[in-house]
Amino acid sequence: MVWRNFGKRFRRAWQSIGLPPIAILIALLLGAVVLWLAGYDPLIAYRAMWQGAFKDLTAVTEVLIKATPLIFIGAGLAIAFRCSIWNIGAEGQFYLGAIAATAAGIYLGSLPRAILMPLVLLLGIAGGAMWGMLAGFLKNRFGANEVVTTIMLNYIAIFITGFLVTGPMIETKGLFPQTPRISENAWLPRFLPPTRLHLGFIIALLLAIILYILLFKTSIGYTIRAVGTNAEAARYAGINVQNNILLAMGISGGAAGLAGAVEVAAISYRLYQLISPGYGFDGIAVSLLVGNNPLGVIFSGILFGALRSGSEVMQMNARVPSVLVLMIQGMVVLSVVAFGVYRAVTMEKEE
Amino acid sequence: MEECAPESADQEFILRMENIYKSFPGGVQANRGITLEVRSGEIHCLLGENGAGKTVLMSILYGLYKPDSGCIYYKGKKLDIHNPKDAIRHRIGMVHQHFMLVPTLTVAENIVLGQYPPWKVLNHMEEVHERIRAMSDEFGLDVDPTKLVQDLSVGEQQRVEILKALYHGADLLILDEPTAVLTPQESEHLLKFLRQLADRGLTIIFITHKLEEVMEVSDRVTVLRDGRVVGTVNTSETNPRELARMMVGREVLMELKKSQTQPGKVIFAVRDLRVRDARGLEAVKGVSFEVREREILGIAGVSGNGQTELALALAGLIDCEFDEMRLDGQILTKHDLHRLHRMGMAHVPEDRQRMGLILPFSVAENFVLKSYRDEPFSKRGFLRFEAIREYSRSQISKFNIRVGDIEEEIAHLSGGNQQKVVVARELDRHPRFLLVNQPTRGIDIGATEFVRQQILAQRDAGAAILLISADLEEIFALSDRILVMFEGRFMGEVPPDPALIEQVGLMMAGKAAVPAD
């Protein structure tokens with residue numbers, strides 16, 4: 001029954017996220033004006049951007065690789081946000097997942113592949129979930145606002161990483177602040193060589209689908225949404241609100257931790273100081289952009305991946321400074337969000 | 001819209017709304033050719049059940065909705081209103097059911113909100129304060145312009161809303177169910193005040209579904225049903241029975257048939273219950289009572305004397321202390337209170353919108369709010385939508401709930417239908433012990449009659465029922481025994497003999513004829 005309507009659901013999710021091409025177009029036109037004012041040829045810059053994202057198979061797979069952590073994190077955050085828990089700590093949860101995965105990949109490196117690979121991912125989930133639930137615990141026990149605690153926990157996680165890769169876990173040569181490579185038995189397989197597209201992308205898609213089903217098709221999801229929309233009514237219905245806060249933080253933290261583990265096990269093969277270029281924060285926008293729908297996160301994650309990938313090439317080939325690149329990215333996000341808000345407002349008026 | 005004449009054909013009326021049509025996407029026809037005529041200086045009641053189109057009609061007049069067709073004449077001239085600003089300019093004021101005040105601003109700031117550009121507001125504040133004080137004294141409103149709105153009681157906030165309209169020079173004042181949020185005393189006070197305003201020449205349109213209010217305050221009354229005008233009558237020439245018939249479209253039982261039953265064994269009992277409110281003050285100061293099989297125990301009292309806390313504590317939603325509590329012979333601990341609903345207790349909460357329902361959820365989802373984890377609505381953790389829908393449909397027809405689509409948000413239903421969903425959900429659990437708090441507050445007469453009948457049916461089926469209500473008439477109509485609550489204690493017990501209403505009224509004010517137990 002879950003699967004029968006899946007085509008319909010998928011279309012509806014696509015509509016609900018609606019990433020209106022027109023919004024992206026408007027943002028790019030505005031960006032062109034900015035580029036032109038700054039003395040760059042917008043056509044050349046955008047050609048580079050397009051090529052960076054879609055030129056050939058390699059470019060496309062790089063987009064999907066960049067989208068992978070964003071889909072993991074965005075899908076997890078969708079659960080937390082639906083529960084009205086404002087988890088700003090996916091960045092830190094990502095780091096904790098990466099730490100746990102690296103530790104397992106190095107110190108348990110002799111385990112056979114069939115055990116080590118899943119173990120690395122599971123430990124990544126556990127690390128992120130633990131970090132997330134810590135904020136949930138602080139909220140339940142002391143009433144500490146999760147926005148504050150998760151931001152603080154981000155710093156702690158990043159500094160723990162810094163400490164580990166310059167001290168206890170530094171590579172044997174000791175040249176760079178990074179750990180040695182993890183055992184090859186922990187590496188996630190890449191398919192479609194010579195590209196770097198890896199199993200993690202498929203896992204991310206699966207996770208988004210699973211979390212969508214969890215949220216809308218199961219009693220657990222009903223509970224989470226009930227707590228998130230009206231905690232008072234949830235308590236009245238006999239729901240334990242605190243348990244669900246912990247659960248939502250655990251799920252979103254676990255998803256971010258899994259993203260960290262996949263990043264280590266499929267791309268970098270080791271831990272280094274700033275392993276995340278801000279995935280945890282982009283993930284917030286990825287989820288909000290599609291109204292916290294885990295299925296929609298797939299699309300917004302890929303959009304963000306394409307933007308990131310394309311603008312890197314724009315920066316390299318068209319020599320556009322990174323500040324301008326970031327500005328254009330920001331304009332795309334703003335424009336898409338503004339479009340969504342506009343649509344929501346007009347729909348409300350019609351009612 | 002068809003052409004409207006520039007001037008009203010009939011100059012007798014200050015307001016003429018002619019043939020107003022308004023429908024909404026989804027096919028709801030809220031107004032189907034309504035004509036309303038209001039005389040200058042009268043209090044004109046707009047009476048109708050929830051969903052009859054009263055609020056929509058007034059929202060059109062106030063510029064919140066655009067009619068599909070129809071003409072509006074005001075003070076003899078055709079009126080073009082596109083937004084509330086136009087309405088205010090034409091000296092039309094409206095007090096909404098849900099107040100439109102900014103809690104973090106002062107009374108004065110709320111009143112002049114939008115009147116001055118921001119950089120000029122501060123220069124004018126002193127004179128604004130002066131004017132508000134003068135008006136407040138003149139009308140006896142007792143409003144302090146420097147207080148923050150969030151520190152005001154609901155009644156005070158309503159006075160601010162009225163003052164706001166008067167401040168902007170309203171000649172025509174629209175009030176949308178103003179007494180729904182007030183205590184009986186505050187209501188009384190408000191009605192007197194409105195009469196005063198009308199005597200000074202202000203025209204008032206008063207939206208309500210309460211017959212007593214119509215009889216008490218209005219000069220004329222227009223009754224709406226299903227978006228049409230049933231008729232306009234002079235209040236002095238009608239009676240509640242006739243109005244009820246016009247409103248509902250059939251004869252209404254003004255008195256419920258209550259069968260004689262013999263209460264059985266004690267189902268629920270508590271000794272020396274103490275509850276603190278949100279501020280930490282003792283709101284329930286050691287009360288004891290028991291409820292028997294086939295019995296309704298009514299708790300009367302003015303709102304705010306501990307009834308809310310009593311109900312929340314019994315439902316396990318706030319902390320409490322007690323000597324002993326029993327349900328069906330079993331001794332309960334504080335821990336058990338959290339799972340009473342799994343032990344045969346049902347609870348119709350006081351605030352259906354904040355507690356009883358999840359407004360953004362669908363009608364169907366709300367029907368299973370307490371049972372979605374159980375078979376047949378869930379199986380192995382997965383929700384079974386077919387079963388949920390089927391169950392919802394059967395409940396809707398059983399309880400005669402007016403719903404377009406069970407997948408629509410329950411927020412779109414009228415208050416009466418929302419309450420019916422809550423009652424249907426709770427009663428379907430066949431509770432041994434039923435806690436009902438303000439079951440008919442703010443809902444229309446048809447739904448009220450239905451809900452009360454359902455409560456009586458549960459009693460006859462053997463449930464023990466604790467009924468809390470600020471509505472004395474309701475308490476007397478339903479209860480087998482009445483306890484009167486005042487400042488967290490019971491003032492005494494009386495039988496539901498109509499001759500004793502006066503005595504109960506005195507006890508509600510704290511004058512005990514019988515000492516507390």
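Being a predicted model, the structure only gives us computed values, none of them experimental. Below, chains carry the letters A, B, ... as their sequence lines are ordered, and counting in each starts from 1. Only this structure's heavy atoms are used, side chains among them; waters, hydrogens and symmetry mates stay out.
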Answer with side chain, backbone, both or neither: which region of [X] has an atom nearer than 4.5 Å to a non-hydrogen atom of chain A?
X	result
B:L357	backbone
B:R352	neither
B:E426	side chain

Could you give the distance from [atom1] ([X]) to [atom2] ([Y]), rounded to the nearest 0.5 Å?
X	Y	atom1	atom2	result
A:I251	A:M133	CD1	CE	9.5 Å
B:F385	B:F377	CZ	CZ	13.0 Å
A:L214	B:F382	CG	CZ	8.5 Å

Max heavy-atom pair count under 4.5 Å with chain A, selected residue of [options]:
options	answer
B:K379, B:R380, B:R425, B:R342	B:R425
B:L312, B:L340, B:L317	B:L317
B:P349, B:S378, B:G356, B:S371	B:P349

Quiz item: Does B:N83 reach the main-chain N or O of B:D86 with its side chain, forming a donor-acceptor pair under 3.5 Å?
Solution: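 Checking the backbone N and O of B:D86 against the side chain of B:N83, a donor-acceptor pair under 3.5 Å is found.
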
Practice problem: For A:E146 and A:W86, indicate whether the former's side chain and the latter's backbone hold a donor-acceptor pair under 3.5 Å. | Solution: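 Pair found, side chain donor or acceptor close to backbone of A:W86.
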
Exercise. Kindly say whether the aromatic ring centers of A:Y222 and B:F361 come within a distance under 6.0 Å.
Key: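 Centroid distance A:Y222-B:F361: below 6.0 Å, so yes.
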
Quiz prompt | When A:A231, A:G221, A:A237 are compared by non-hydrogen pairs under 4.5 Å with chain B, the top option | solution =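 Of the candidates given, the most pairs with chain B belong to A:A237.
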
